[in-house]
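Contents: one structure, followed by commentary.
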Amino acid sequence: MEIKFIPIDYDYFDWKSKSYAKIIGRSDKGKRVCIIDACEIYFWAILNSNVSSKKIKQMQKKIEKIEIQKGTRISRVLKTELYNKNYLGKSYKAIKIFVTNFKDAHSIASKIDFKEVYKRREYDLTFTTKYILQKKLNPLTWYQITGELLNNSEEFGGIDSNLDVDFCLKIKEIKKTEQIPFKPKILAYDIETEGIEMGKTPILMISLVGENYRKVLTWKKKSRKSYVETFKDEEEMLEEFVKSIKKYDPDILVGYYSDGFDLPYLKIRAEKNKIKLNLGLDNSQPKFSRGRLLTGKIKGITHIDLLRFIQTVYAQYLKSETLSLNEVAFELLGEKKLDFSPLKQTKLKNPNWEDFFKYNLQDSILAYKLTEKLWPDLLELTKIVQEPLFNISRAGLSNLVENYIIHNLSKYNEIAEKHPIHEEIGKRREQKRVEGAFVFRPIPGLYENLAIFDFTSMHTSIIVSFNISKATLLEKKQKDSYESPELEFENKKTKFYFSKKPGFFPLILKELFEKRKRFKQEYKKNPNPLTKARSNAFKLLSASIHGYQGFFGARYYSLEASASVLAFVRKFNKQIIEEMNKQGYNSIYADTDSVAFKLNQHTKKQTLDLLEKINQQLPGIMELDLEDFYKRGIWVTKRTGEFGAKKKYALINKKNKIKIRGFETVRRDWCNLARKTQNKILNLILTTGNEKKALTYIKKIIKKIKNREIPLDQLLIKTQLKKPLSEYKSINPHVMIAKKMQEKGIPIDVGRLITYYISENKNKNKRELIREKAKLPDEPGKYDIEYYLNNQVLPSVENIFEVFKINIKEFIEGKKQKKLSEF
DNA sequence: GGTCCTGCGTTACC
DNA sequence: ACCGGTAACGCAGGACC
């Protein structure tokens, strides 16, 4: 039998002590298919140099006799083969050791302890990674598959008959084929419960949304709405939930925060009702693995918690202040959750069930639409990193980078480095932090006619240009090697040297860098969600590489490499600052990979010519780029001291587009009033080039504050709770409010945004703490005029006016010949 | 009882 | 434990006068 097949979910199983891959996907006809494939399980014993051939043969014989029994399972070494391989860029003889069973590779590896063995490697890769590497059956890519149809076959213990698929194939041949668009079957779900404590109270309703498919399952109330199905009790509802999913037959089951809430909740409630939540295609129940975060896996169906993907991969493209479903959906879809106020109360009393059903349905609708919207990003990242969608949708940045590297090692005949063990991680974490990038302290002022240059993927281009990596680091200075700038490392001034022979790590990055450029161009030429997603995926990987090298959990960790990259970053940033000054420009500001400067008498063309000249002199693949030309820019003083503040500036380009960085305007822990006022002031100053209109505006705002004309929603301050309440040493207003909320019975989780305002407080007998005046938004009270003037609005604008030598407080007092308090 | 400094805490930039 | 260093700045806590 021959079919076109796209792999989606990867798994493996044991049959007669051997490991087999079990891959679920679709055929081009939309059939759900399982394919079964044998996969050789092996790892490597890398040998010390000058071990004699005779000795090697002896070792191979010994290794081939290793046998392990674990319960009923017997694991053996099947065979061994000798190869010339590279490991960390050096060539070695290595014995490839084939074992029967994946699960025992680790134990067998630990039995190979000959003194001639330098390292044992690749026993710590997952089965799926090994399989994909070996068979090149990449996720979400179409293949032409030839195989033997299993039909109630005895082979593999009748696996096909217990599997909920259209057919099951035993693979004979995998061939590449043309790619056709693939749209997965997505089903979104969301539950509503009586309380929020995990599994404690019944699930009231469950919504399910797919293509032309909308359902709410409940047992609480009958409804006139056709999408609502009412059952006798929670048990029946849960049973129907499983049935509905099986019937809809989705490739992807998606929720929002469903790893942490919906799926584990469902599992507990199923247990309480003594029923099986057998969602898996093999009728297995969801399995949860505990890391820092709970992860819910369903066999054969890719369970995605969209929040996790958005948190690690997508948040950087979002403006939303929180990653709540409501805000993210509004930003990406222009659609919100429905307002259902009974949920905001601590106890649900006689809710309007019709509204509640609608509310529940809407959450799944949003999750469904968001998944469709983010599908190009999930798809591209999965194809590029070459790990299953399930992993990609939850992977952190280091994980994405590392898997990208692992799946690109074979070109260099490289054996993968091992994952650091616990002890090693501990050691790495104790290492002193290395010095980071350089930030140039600006001289405060309003500047005209500016431009910004920045380096393209600076860290990555440095790694490639100077061949920097764990494997290319030389122990001591060598002739004809790359030399890092002087840097401090372990409390000593030193330099690091890197071989000139290109290493596999920089070479993989070089390819990544080139692809990043190519796909950015492709997107510019042909902008659509797919080209955008591809461009973004490479951008993300490229931007995360340097952080990866310095991350304690990385296989290719090297603090020496990381410190060297940063030393180059500082050097080149300073070099460009100087070069611009030398060429008759004035450098105003710089941060890491960018330099802002005044053009002075120079034209745009002269500036671009200079850019080209600089580029000709830059080493390797390093490249300086024009970010933009700007009409004006403003830099202010720090609130304390008379120096210019770093990481705070505002610019207006030639098309009157304003870019604000670091100012309170962009900080969510300031009230809207202060943020909006500052934004307006910056806008007026940047557009007009002077402070006149801004002064008129601030006077108007101050008057409004004084007259209590500001609505409460403009005065709310939002601060995130970053740790459990008990761990706070310093009780700041938001901690105080969180405690108050907890006393009221409102559940407080880490990560929650705490909202409050500052009210007037009459008893002024002792030193007044702000937290004593903090109130919940629904607590009655008058806002504290003095606080909002002196701690919010005026501080947000005073150093802007100071650029024009105006002391805003004095200006306001002087003008009116009155004290501020009488204003 | 006021003033100043320091550390905690959050959020931003790159 | 899940990319990391640089930086601003409010508030509380405590030393000091």
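Values in this document were obtained by computation on a predicted structure and should not be read as measured data. Letters go in sequence order (proteins before strands), and every chain restarts at 1.
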Phosphate oxygens OP1/OP2 of C:dA8: is one of them under 4.0 Å from a side-chain N or O of A:R441? yes

Interatomic distance where CD1 belongs to A:I754 and C1' belongs to B:dG9 [whole Å]: 14 Å

Pick from A:T312, A:N399, A:D305, A:D259: which one makes a side chain to side chain donor-acceptor pair (under 3.5 Å) with A:R394? A:D259

So what is the end-to-end bend of the helix from B:dG1-C:dC17 to B:dC14-C:dG4, with 5 pairs used at each end and the value given to 10 degrees? 10°

Quick one: which of A:H419, A:K418, A:H106, A:R555 gives a side chain to side chain donor-acceptor pair (under 3.5 Å) with A:D124? A:R555

Are the side chain of A:R632 and the backbone N or O of A:L446 linked by a donor-acceptor pair below 3.5 Å? no

If you compare every side-chain N and O of A:Y557 against the phosphate oxygens of C:dG4 (OP1, OP2), does one of them come in below 4.0 Å? no

From the set C:dG13, B:dC13, C:dC11, return the single nucleotide nearest to any side-chain atom of A:Y649. B:dC13

Between A:K646 and C:dA7, is there a contact of a side-chain N or O with OP1 or OP2 at under 4.0 Å? yes

Taking any heavy-atom pair under 4.0 Å as a contact, classify A:I545: base, sugar-phosphate, or nothing. nothing

Does NZ or CZ of A:K520 fall inside the cone over A:F538's six-membered ring, less than 6.0 Å from its centre and within 45° of the axis? no

Determine yes or no for a side-chain-to-main-chain donor-acceptor pair under 3.5 angstrom, with A:E327 supplying the side chain and A:E321 the backbone. yes

Give one of base, sugar-phosphate or nothing for A:V434, where a contact means two heavy atoms less than 4.0 Å apart. sugar-phosphate

Report which part of the nucleic acid A:H734 touches: base, sugar-phosphate, or nothing (heavy-atom distance under 4.0 Å, all strands). sugar-phosphate

Base, sugar-phosphate or nothing for A:G553? Non-hydrogen atoms, less than 4.0 Å. nothing

With side chain to side chain donor-acceptor pair (under 3.5 Å) as the criterion, how do A:S469 and A:Q549 come out once you've worked through the C-alpha distance, each side chain's angles and the decisive distance to 0.1 Å? CA-CA 8 Å; A:S469 72; A:Q549 267 200 133; 5.3 Å; no

Check whether any side-chain N or O of A:Y788 sits under 3.5 Å from a backbone N or O of A:L715 as a donor-acceptor pair, and report yes or no. yes

For the pair made of NE2 in A:H459 and C1' in C:dG4, what is the distance, rounded to whole Å? 9 Å

Quick one: is A:K647 getting a side-chain N or O under 4.0 Å of the C:dT6 phosphate, OP1 or OP2? no

Is the terminal nitrogen or CZ of A:K773 (NZ for Lys, CZ for Arg) located under 6.0 angstrom from the six-membered ring centre of A:Y787 and within 45° of that ring's axis? no

Can you check whether A:Q549 has a side-chain N or O nearer than 4.0 Å to OP1 or OP2 of C:dC3? no

Using a 4.0 Å heavy-atom cut-off across all strands, classify A:F551 as base, sugar-phosphate, or nothing. sugar-phosphate

Select base, sugar-phosphate, or nothing to describe what A:Y787 touches, counting heavy atoms under 4.0 Å on all strands. sugar-phosphate

Within the distance-only criterion (no hydrogens, no angle test), does the side chain of A:T472 pair as donor or acceptor with the backbone N or O of A:N467 below 3.5 angstrom? yes

I'd like to know if A:R668 reaches the base of B:dT11 with its side chain such that a donor and an acceptor end up less than 3.5 angstrom apart. no

Touch check for A:D454, heavy atoms < 4.0 angstrom, all strands: base, sugar-phosphate only, or nothing? nothing

May I ask you to list the residues of residues 387-400 of chain A, by number, that have any heavy atom positioned under 4.0 Å from an atom of DNA chain C? A:G396, A:L397, A:S398

